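Just below is one structure, and these are the notes that go with it.
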Amino acid sequence: MRPKLCVYILNQMVQYSATRFDASFAALSDATRRGVLQQLGRADASITDLAEKFHMTLTGMKKHVGVLEQAGLVITEKVGRVRTCKLGLCRLEKEAAWIERHRQLWEARFDELDRVVDELKRKERIDGRKKRK
């Protein structure tokens, strides 16, 4: 495979992944949408039922469901006049792995900061003893 083609394919994969992450995290950034996902985790529901449960208009709920649908977190199916929502195929494994990598990074940084603070406190105690003498 030609190098330029490889770079192009890799770029497309990274852009797809970033776009998917952006859509997932944007969908999860809203409390109502997280609540909708929790509700759908228990049972499928119509947009009307969801709107009533979350005390909002049908139009408002349709917008929330649309964001979740774009992220692959929800699938809707229209039967007659009723649009039913259920959990989508996106399982958020890649997003969870991304969060875990960054959690480990921050945990390591805080561990190092703890070591620095402990060392400074130790030196402060030693310096304090020297001044008293």
Side-chain angles (χ1 to χ4, degrees):
M1 194 179 283
R2 294 188 331 226
K4 284 185 179 179
L5 184 57
C6 289
V7 170
Y8 174 78
I9 290 171
L10 283 173
N11 264 347
Q12 294 304 311
M13 290 171 59
V14 169
Q15 287 175 356
Y16 169 76
S17 182
T19 302
R20 178 176 161 202
F21 277 18
D22 290 347
S24 298
F25 287 124
L28 295 171
S29 70
D30 183 84
T32 299
R33 291 191 287 266
R34 290 190 305 271
V36 167
L37 290 174
Q38 287 180 330
Q39 184 66 33
L40 295 178
R42 291 185 210 98
D44 297 352
S46 71
I47 289 182
T48 303
D49 292 339
L50 291 170
E52 288 174 5
K53 174 149 182 70
F54 290 92
H55 310 289
M56 62 177 20
T57 65
L58 281 173
T59 304
M61 184 52 69
K62 284 180 188 177
K63 288 180 182 180
H64 281 298
V65 169
V67 171
L68 291 166
E69 204 167 16
Q70 273 190 315
L73 300 172
V74 168
I75 297 172
T76 62
E77 180 183 13
K78 189 170 185 176
V79 178
R81 293 175 50 168
V82 177
R83 183 166 293 279
T84 301
C85 306
K86 59 183 175 181
L87 289 179
L89 301 175
C90 181
R91 298 288 182 236
L92 300 173
E93 286 103 359
K94 290 181 181 179
E95 292 83 348
W98 183 89
I99 290 170
E100 179 59 20
R101 280 192 308 275
H102 285 81
R103 186 197 63 75
Q104 289 173 358
L105 172 74
W106 280 104
E107 190 172 290
R109 286 181 177 181
F110 283 125
D111 288 346
E112 183 58 32
L113 181 60
D114 285 343
R115 282 190 283 277
V116 169
V117 169
D118 288 343
E119 180 63 21
L120 289 172
K121 285 180 180 178
R122 186 185 68 76
K123 286 180 181 179
E124 208 173 63
R125 281 192 303 271
I126 291 170
D127 289 346
R129 289 181 199 147
K130 287 179 183 176
K131 287 180 183 176
R132 286 186 204 148
K133 291 182 180 180

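Not measured: the values here are computed from a predicted model.
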For a quick test of your reading: what N or O donor-acceptor pairs under 3.5 Å do the side chains of residues 55-63 make, sequence neighbours left out?
unit_1	atom_1	unit_2	atom_2	d
T57	OG1	G60	N	3.0

note = The side chain to side chain donor-acceptor pair (under 3.5 Å) partner of S24 among Q70, K94, E95 is E95
ask   = Taking all non-hydrogen atoms of both residues, which atom of A27 and which atom of A71 are closest, and how far apart?
value = CB-CB, 4.0 Å
ask   = Say you draw a straight line from CG of L50 to CG of L68; how long is it, rounded to the nearest 0.5 Å?
value = 9.5 Å
query = Between W98 and F25, what is the ring plane arrangement, given parallel below 30°, perpendicular above 60°, and tilted in between?
reply = tilted
Partner residues of R42 under the salt bridge (charged side-chain N to carboxylate O under 4.0 Å, His left out) criterion, sequence neighbours left out = none
task = Kindly indicate whether the side chain of R20, heavy atoms from C-beta on, has any atom under 4.5 Å from the side chain of C90.
result = yes
S46: side-chain hydrogen bond (donor to acceptor under 3.5 Å, both in side chains) partners, not counting sequence neighbours = D49
query = Does a sphere of radius 6.0 Å around CG in L120 hold more than 12 heavy atoms from other residues, nucleotides or ligands, not counting ones at 6.0 Å or beyond?
reply = yes
inquiry  = I'd like to know if the side chain of R34 reaches the main chain of L28, judged simply by a donor and an acceptor atom lying under 3.5 Å from each other, with no hydrogens or angles considered.
reply    = yes
Atom pair CZ/NZ of R125 and K123 - distance to nearest 0.5 Å = 12.5 Å
For residues 72-85, run the donor-acceptor check on the side chains, cut-off 3.5 Å, and write out each pair with its distance to 0.1 Å, sequence neighbours left out.
unit_1	atom_1	unit_2	atom_2	d
T76	OG1	E69	OE2	2.7
T76	OG1	R83	NH1	3.1

query = Is there a path of hydrophobic side-chain contacts, each under 4.5 Å between heavy atoms of I, L, V, M, F, W or Y residues, that connects I99 with L105?
reply = no
ask   = Would L89 and L92 show up in the same hydrophobic cluster when neighbours are defined by side-chain heavy atoms closer than 4.5 Å?
value = no
query = Is V67 isolated, or which residues cluster with it under the ILVMFWY side-chain rule of less than 4.5 Å, directly or via members?
reply = none
query = Any salt bridge (charged side-chain N to carboxylate O under 4.0 Å, His left out) pairs touching residues 105-118, not counting sequence neighbours?
reply = R103-E107, E112-R115
ask   = Can a salt bridge be assigned to the pair E124 and K121 using a cut-off of 4.0 Å between side-chain N and carboxylate O?
value = no
